[in-house]
Student: 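What follows is a structure written as structure tokens; I'll ask about it next.
All ligand and atom numbering here is 1-based and tracks the order in the structure. Numbering of residues begins at 1 and proceeds along the displayed sequence.
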Amino acid sequence: MAQLKLQNIRKSFGTTEVIRNVNLAFDSGEFIVFVGPSGCGKSTLLRMIAGLEQVTEGAILIDDEDVTRADPSRRGIAMVFQSYALYPHMTVEENMGFGLEMAGVAKPERRKLVRQAAEVLKLEPYLARKPKALSGGQRQRVAIGRAIVRNPKIFLFDEPLSNLDAELRVRMRLEIAKLHTDLGATMVYVTHDQVEAMTLATRIVVLNGGIVEQVGAPIELYENPDNLFVAGFIGSPRMNFLSARVIGRDGDGRALLTVPQLGLEGLAINPRDRDRELPKDVLLGIRPEHFRADAFEGSTAVSLRCEVFERLGNVSYLYSDIDRAEGIVAELRSQQSVRIGERASLWLKPADCFLFDPTGPRL
Ligand SMILES: Nc1ncnc2c1ncn2[C@@H]1O[C@H](COP(=O)(O)OP(=O)(O)OP(=O)(O)O)[C@@H](O)[C@H]1O
Ligand SMILES: [Mg+2]
């Protein structure tokens with residue numbers, strides 16, 4: 001268990017700056033998840049923490065000790081990669097014990113630690129096998145086992161489950177959650193998977209183009225995004241953004257909007273900060289799951305022309321205006337289906353909607 005601090009971290013490859021002044025502080029035992037689009041710098045940040053990549057500027061502190069220039073082996077960190085990186089000519093037991101052997105741990109002790117980790121990961125039946133005789137999930141468990149035996153202060157995971165099929169991913173996700181509970185270790189985890197991020201993280205860090213857009217508990221980011229980017233990134237399918245115009249305020253300080261795409265006039269939305277001036281042109285954010293097929297308390301009726309209707313059994317997705325930049329998707333839980341070309345009457349609650357400045361900030 002360890003605290004981790006990243007202070008004013010910058011990283012350039014040649015003249016290209018890929019990490020631009022990142023400041024983060026994590027408590028001991030946290031499960032931190034990095035998310036963000038491809039190329040935003042997640043792996044680079046992780047590799048700098050591990051010491052596999054040099055920091056151009058700034059400092060990395062583990063338990064308040066500056067390890068910015070420390071050798072990777074001296075940081076008390078273990079990293080698990082997407083491409084398991086197992087040695088093909090070694091058995092599972094040898095693979096798991098290799099790091100310990102390099103660190104000069106004697107054979108009997110190595111054997112004990114490897115057996116303990118194998119028990120946690122249910123790998124005991126496979127200890128004598130070579131990696132090629134294992135399934136993807138078993139190989140990934142060996143890679144995790146190799147990290148566990150070193151008893152690191154911090155675990156780093158770079159998309160560890162992305163090579164696994166859907167069912168195995170769910171199983172491994174639960175195993176990683178359990179591992180975190182059992183070991184209580186600090187973990188930093190990179191993923192593209194919304195469900196992994198939302199379920200595993202104590203806090204999520206949303207990265208974009210080498211900067212931190214927002215840090216917060218998963219539900220906090222979902223319910224209270226700071227800007228368009230985070231609002232669009234957290235949640236699946238992504239939030240709908242519709243052009244709207246502010247036509248005034250009501251007595252309670254709510255913004256009154258016209259939303260031409262929904263045919264709405266005078267929709268009253270609570271801005272985040274009531275005292276702030278609002279621009280004339282804004283974006284209205286509506287999560288797909290906030291549309292409903294039936295009226296409910298405080299809801300307003302809207303009508304959407306159905307252009308594509310996808311039934312998945314438990315939910316259905318209705319797509320409207322798909323040819324426009326601002327297409328709309330509504331997630332419906334009812335069993336009712338809507339025919340292509342028909343208009344559906346749906347309901348949504350203004351209090352569930354968000355307001356954004358078109359340049360990004362939440363209003
Ligand atoms: N060794 C390198 N030399 C030059 N540029 C690099 C190097 N490594 C990474 N980059 C660049 O740095 C940026 C960040 O890369 P990084 O691998 O950290 O992204 P990522 O967020 O992990 O993306 P992905 O989700 O695709 O894994 C990218 O633009 C990438 O092209
Ligand atoms: Mg990466």
Student: Please compare Ser162, Ser38, Gly14, Pro37 and report which has the shortest non-hydrogen distance to atom 26 (O) of ligand 1.
Tutor: Ser38
Student: Only pairs under 3.5 Å count here: list side-chain donor-acceptor contacts from residues 101-117, not counting sequence neighbours, and write none if there are none.
Tutor:
from	atom 1	to	atom 2	distance (Å)
Arg110	NH1	Val105	O	3.2
Arg115	NH2	Glu93	OE1	2.9

Student: Report yes if some N/O of Gly41 lies less than 3.5 Å from some N/O of ligand 1; otherwise report no.
Tutor: yes
Student: State, to 0.1 Å, how close Phe241 and Gly285 come at their nearest heavy-atom pair, and which atoms those are.
Tutor: CD2-CA, 4.1 Å
Student: Does ligand 1 have any atom that is closer than 4.0 Å to a heavy atom of Glu159?
Tutor: yes
Student: State whether Lys42 and Asp158 are salt-bridged, where the test is any N-O pair (Lys NZ or Arg NE/NH1/NH2 against Asp/Glu carboxylate O) under 4.0 Å.
Tutor: no
Student: Within a distance of under 4.0 Å, is there any protein heavy atom near atom 5 (N) of ligand 1?
Tutor: yes
Student: For His192, counting its heavy atoms only, list the atoms of ligand 1 lying under 4.0 Å from any of them.
Tutor: 25 (O)
Student: In the protein, what heavy atom is nearest to atom 12 (O) of ligand 1, and what distance, to one decimal place, separates them?
Tutor: Val18 CG1, 3.2 Å
Student: Heavy-atom contacts under 4.0 Å between Thr44 and ligand 1: side chain, backbone, both, or neither?
Tutor: both
Student: Can you tell me if Gly36 has a non-hydrogen atom under 4.0 Å from ligand 1?
Tutor: no
Student: Answer yes or no for atom 30 (C) of ligand 1: protein heavy atom present at a distance under 4.0 Å?
Tutor: no
Student: Mark yes or no for whether Thr56, through its side chain, and Ser12, through its backbone, hold a donor-acceptor pair below 3.5 Å.
Tutor: yes
Student: If the plane angle is over 60° it's perpendicular, under 30° parallel, otherwise tilted; pick one for Phe34 and Phe26.
Tutor: tilted
Student: Please write down residue, atom name and distance for the protein heavy atom closest to atom 28 (C) of ligand 1.
Tutor: Gly39 O, 3.7 Å
Student: Tell me: protein heavy atom nearest atom 10 (N) of ligand 1, and distance?
Tutor: Phe13 CE1, 3.4 Å
Student: Can you find an N or O of Cys40 that's nearer than 3.5 Å to an N or O of ligand 1?
Tutor: yes
Student: Looking at Tyr84, is Arg146 sitting on its ring face, NZ or CZ under 6.0 Å from the six-membered ring centre and within 45 degrees of the normal?
Tutor: no
Student: Side chains of Asn227 and Gln214: is there a donor and an acceptor less than 3.5 Å apart?
Tutor: no
Student: Would you kindly say whether Thr191 and Asp193 are connected by a side-chain donor-acceptor distance under 3.5 Å?
Tutor: no
